[in-house]
Structures are given as C-alpha cells and as structure tokens.
There are 2 protein chains.
Amino acid sequence: MKNIQQGFNFALSIDCVVFGFDGSALKILLIERNEDPFKDWWALPGNRVNVDESVDQSASRILKELTGLSDVYMEQFYTFGELKRHPQGRVVSVAYYAMLRLSGEKPLKPLTSFARNAQWVNVNQVPELAFDHQYILEKGLEKIKRRVRHLPLVFELLPEKFTLTQVQNVYELILNKKLDKRNFRKKILSFKVLKELDEKQRGVSFRAATLYKFDKRKYNKLYGKEISF
Amino acid sequence: MKNIQQGFNFALSIDCVVFGFDGSALKILLIERNEDPFKDWWALPGNRVNVDESVDQSASRILKELTGLSDVYMEQFYTFGELKRHPQGRVVSVAYYAMLRLSGEKPLKPLTSFARNAQWVNVNQVPELAFDHQYILEKGLEKIKRRVRHLPLVFELLPEKFTLTQVQNVYELILNKKLDKRNFRKKILSFKVLKELDEKQRGVSFRAATLYKFDKRKYNKLYGKEISF
DNA sequence: TCAAAAGTGTTCGTGGTACACCCATGA
DNA sequence: TCATGGGTGTACCACGAACACTTTTGA
C-alpha cells in the first residue's frame, strides 16, 4: 500500500461571483490583487481553503473577509479543475455565487493581505481578469440565469421592502431581456409569496409605488424548495 | 510572503454516480472495496485525482478503469467538501454522474487494486455505502431528475435503436412516476428529434413496436444545448 | 401643466392533462 | 383465441404572450 500522504498535494481554493444590486444596475465584486501571481490584476474574490474548515465554511469566511458581511446567500455552482489554471501549482477551485443587497454604505473592507482594493463593477463592464476568472464569471452568470427561474434568489438582491418594478428590473438585468409589465406583475403576484404593505415609496417625484415584502414563511410552506418564476 | 507550498495539502478525489439501463430497471454501478478504510464495503466508483490530469480527465480515466468504457457521457454535478468525510485526511471529492447503455455483456473490469468487485444494482436497492456516498448518490439522483427535463440524457441510457415505450420507461424510472402514454408520445415526438426507422422490434411475442433513433444533429440544430422534456 | 412612472384587463394561441379503445403478433 | 403491449384523438383548462391607456405625484 502506497504512502497515503503522497496524495495530499493539491491546493483548494474558493472563488466567488458576488452579485449586488444597487437599485439600478447589476454589479459584481472584484478585488485588485496585491500579490503575485497576477499582481495588480482584477480578480474574483477568492482564497485558499484552510485544512480545518469545510468548503462551505471557507466560502463564507472569504466573503466575510472581503465585505465584512456574514449571512450572505451563497451557493456552490461548479468546480474548476483544469491543469495549469494556477501558475504556482495544482490549484482546484470551487466556485460559489453570492447575492446581496447593496445599501448606501457598502461595507467593503478587504482585510486580506493580497487584496489592495475591492470594488463593485457593472456586470457588463468587467475588465480583464486574473487566472481563468473570466470563464468562471461567465459560468456563474449562466448558472443564476437558470436558478433564478426556480428559486427566489432575486429577493436576496433587493432591500427588505421593494416595489414590483424593482423586482422586474432585477429579473430583466439577470435574464438580460425586457419583460412585459402587466404579465410580469400578474405572474409574480400569482405565486402569493409577496406581501403587499400599507407603505408607499417615498421621496420620488412621481406617483409613489406600493411596497412589498417577500414572505419567506409562506414560500416555504407553499413550495418547499421549488417554484417556477 | 508565506511559503506557498504549505497550501498544497489536500487530496482530491472523484466519485461517480454511474447510471445504467438494462431494458427494464435503472441501475447504478457500485464497487466492493478491497482496501482500508471501509474495506469490504460497497462504494461509489471513485479514486484520487492525479496531479497531472484535469478533473474531467480524471473522471473519464476512473470510469474507464472500472468499466473498460471510454466516451461515456459524464457531467460534474457537485463538490463535497465537508471536514472528516474521509478518515485519512482532508479529501475533497468532485462528483460526476455518468450514463451508459447496459448491453448484454457488461464489460465490468475493476482493474484498480482497491476494488474487488463491481456490480450493477437497482437504484432503489442500494446497500449501505462507504464514506458519505449515500448522500452523494441522493444528490446525484436529484440532479438528473432536473437535468433530464432539459437535456436529452435519456438517450445515453438507451440503445441506438429504441421504442417509444422504452423512452417512456426511462423517464418514469428517473422521475419516479407514471406518465400518460398518449401525452408522452405526443410530447416527445413534438420535439422532432426522433427519427422513425423502417425497422420494428424483433423477437417479442406481441405486436412489434416501431424503432426510433435520436437525431443528435437535428437536436443541436434545433435547440443548441437546451430543451424542455 | 408636464414629466415620469404606477397601475390595470382582455384576447388569443399553445401546451398540459385527463381519458378508453382497437390493433397486431406470437405462443 | 388469448395475452400482451402497440398505437391512436379529443375536449377542457391553465398559462404565456401581445398589447395601450388612465392615474398619481412632485417639480
């Protein structure tokens, strides 16, 4: 029997495609690397997995280090295991997508040494990225395009109280196509998981829209885990 | 800058959920382990990834070593990275599902030293499995239940020429529910990716059914990569 | 009073679902 | 001639898609 320790020669990393919605545009989080390889390049937030943490735990930790936020919605979507994707050795990367609301004060604090800077950039204005991160990003986008049709992910991007038009905007940005307003409202309300509030939008110079909340309890009761948006 | 080599301390493995259809039952491939840990237990076919092969390559290699088959349809579906899933150290496993036709002579040849035996077992008669393989199997099943609705996976399980009833059987086994014969035929034919042959079933003691072929070329032309079975 | 977005119904076509009988074949 | 699966059509309903005007509000 061969020495089993020989087999422990991979590095494992996490890369996160972090989506954020600021009220009008769909953004993703990028960091500027401060370390070789790819020093000064933009990259997806990511880091090595520690041996004493699970892959999921690692993903949460890494995101927290870069945004200061915990309890962010994250989901593993693919593992990238090509040879030579990392110049320093065999690094296999498990990719996650994450979704969060961008409130006014974005709590970006790149605490890790290798990141000089973290920034939200518009999904369709992404610069050239380090490693195979361009590819990972594309795959992440494809993935949420599908998942958003079956899971109520968009509410992770929206503030607690939102208008129907905002919901529609998010869907349009993710699916990258215009939707009909009347049909969209009919459909989204037909799921009966949005609670209409007595409150209206404030501070707008036009007719104020009604605010809604996502009723998670009702969603779980009605659909278990699945739906078809 | 810390020594980067310190980070290379993971082992990476592949586990395969291999589905096969023998004409009447949906089966999966199991091996009987001949090595510790879990010596004598049944397990999903799997093995370590070598440092000089990509994760996809590794999956193909491992499956070939166990079945003698190459060019099998395989797709990565999830990466299992919990702590302590392997008693000998930190092993993270990338799981694939595979689909193949079981012809009369099943070319099972467990060439690897750690497997004593390989066997097809009915999906709903699976014994207790080593490691977290029970869990991986469940996730694999869930996955193909979804994917089979959008991708023409079932034809990987069927022989080149098949009857519509066989197609329906496979769907029923995977989705685990009865389907209406007339509706099923209407739907499956409406996609226009099945070519009706001049040939009939032979050697049956009842009315022989018409044989069909999956027209891959037409499928690609019509649907790119997606569909909704 | 104007600009900007909110809010609202109907029609049409398609696709899903439910449902039962006759046909062809080999034993 | 019998047992076994092959093969077929219709009616109803639900849902998706297309489409335009009135209302409210603050500036």
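The model shown is predicted, which means the values in this text are computed figures rather than measured ones. Chain letters run A, B, ... following the sequence lines, proteins first and then strands; every chain starts at 1. Atom set for the values below is all heavy atoms of this structure, side chains included, hydrogens, waters and symmetry mates excluded.
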- prompt: Can you tell me how far C1' of D:dT8 sits from CZ of B:Phe184, to the nearest Å?
  reply: 16 Å
message: Take a 6.0 Å sphere around OH of B:Tyr73 and say whether it holds more than 12 heavy atoms from other residues, nucleotides or ligands.
response: yes
message: Under 4.0 Å, heavy atoms only, any strand: does B:Thr163 hit a base, just the sugar-phosphate, or nothing?
response: nothing
- request: Tell me yes or no: between the side chains of A:Ser190 and A:Arg185, is some donor less than 3.5 Å from an acceptor?
  value: no
- request: Rounded to the nearest angstrom, tell me the gap between atom CZ in A:Arg185 and atom P in C:dA6.
  value: 6 Å
message: Any side-chain N or O of A:Ser190 below 4.0 angstrom from OP1/OP2 of D:dC15?
response: no
message: Aromatic contact between B:Tyr219 and B:Phe214, with the criterion being ring centroids under 6.0 Å apart: yes or no?
response: yes
Heavy-atom side-chain proximity of A:Val17 to A:Phe77 below 4.5 angstrom: yes
- line: In whole angstroms, the gap separating C1' of C:dA18 from CZ of B:Arg182 amounts to 8 Å
Separation of atom CG in B:Leu194 from atom C1' in D:dG7, rounded to whole Å: 16 Å
message: Parallel, tilted or perpendicular, judged at 30° and 60°: which one describes the rings of B:Trp41 and B:Phe38?
response: perpendicular
query: Under 4.0 Å: is that the gap between some side-chain N or O of B:Thr165 and OP1 or OP2 of D:dG5?
result: no
query: Taking NZ, NE, NH1 and NH2 as the nitrogens, is one of them in A:Glu172 or A:Lys177 under 4.0 Å from a carboxylate oxygen of the other?
result: no
field: Nearest-nucleotide 5' precedence on DNA chain D, B:Gln201 against A:Lys181
entry: B:Gln201
query: Is any side-chain N of the basic residue among A:Arg146 and A:Glu142 closer than 4.0 Å to the acidic one's carboxylate O?
result: no
task: Mark yes when over 12 heavy atoms from residues, nucleotides or ligands other than A:Asn124 sit less than 6.0 Å from its CG; otherwise mark no.
output: yes
task: Please report, rounded to the nearest Å, how far the C1' atom of D:dG6 is from the CD atom of B:Gln166.
output: 13 Å
message: Rounding to an integer number of Å, can you tell me how far B:Asn169 CG sits from D:dG6 C1'?
response: 13 Å
Heteroatom pairs (N/O) under 3.5 angstrom, protein to nucleotides 22-27 of chain C:
{"unit_1": "C:dC23", "atom_1": "O2", "unit_2": "B:Arg207", "atom_2": "NH1", "d": "3.1"}

Between P of D:dA20 and CG of A:Asn183, the distance in whole Å: 13 Å
What does the list of N/O pairs under 3.5 Å between the protein and nucleotides 11-16 of chain C look like, with a distance for each?
{"unit_1": "C:dG16", "atom_1": "OP1", "unit_2": "B:Lys187", "atom_2": "NZ", "d": "3.1"}

task: To the nearest Å, give me how far apart CD (B:Gln168) and P (D:dT8) are.
output: 14 Å
query: So, the side chain of B:Gln76 versus the backbone of B:Tyr96: is there a donor-acceptor pair under 3.5 Å, distance only?
result: no
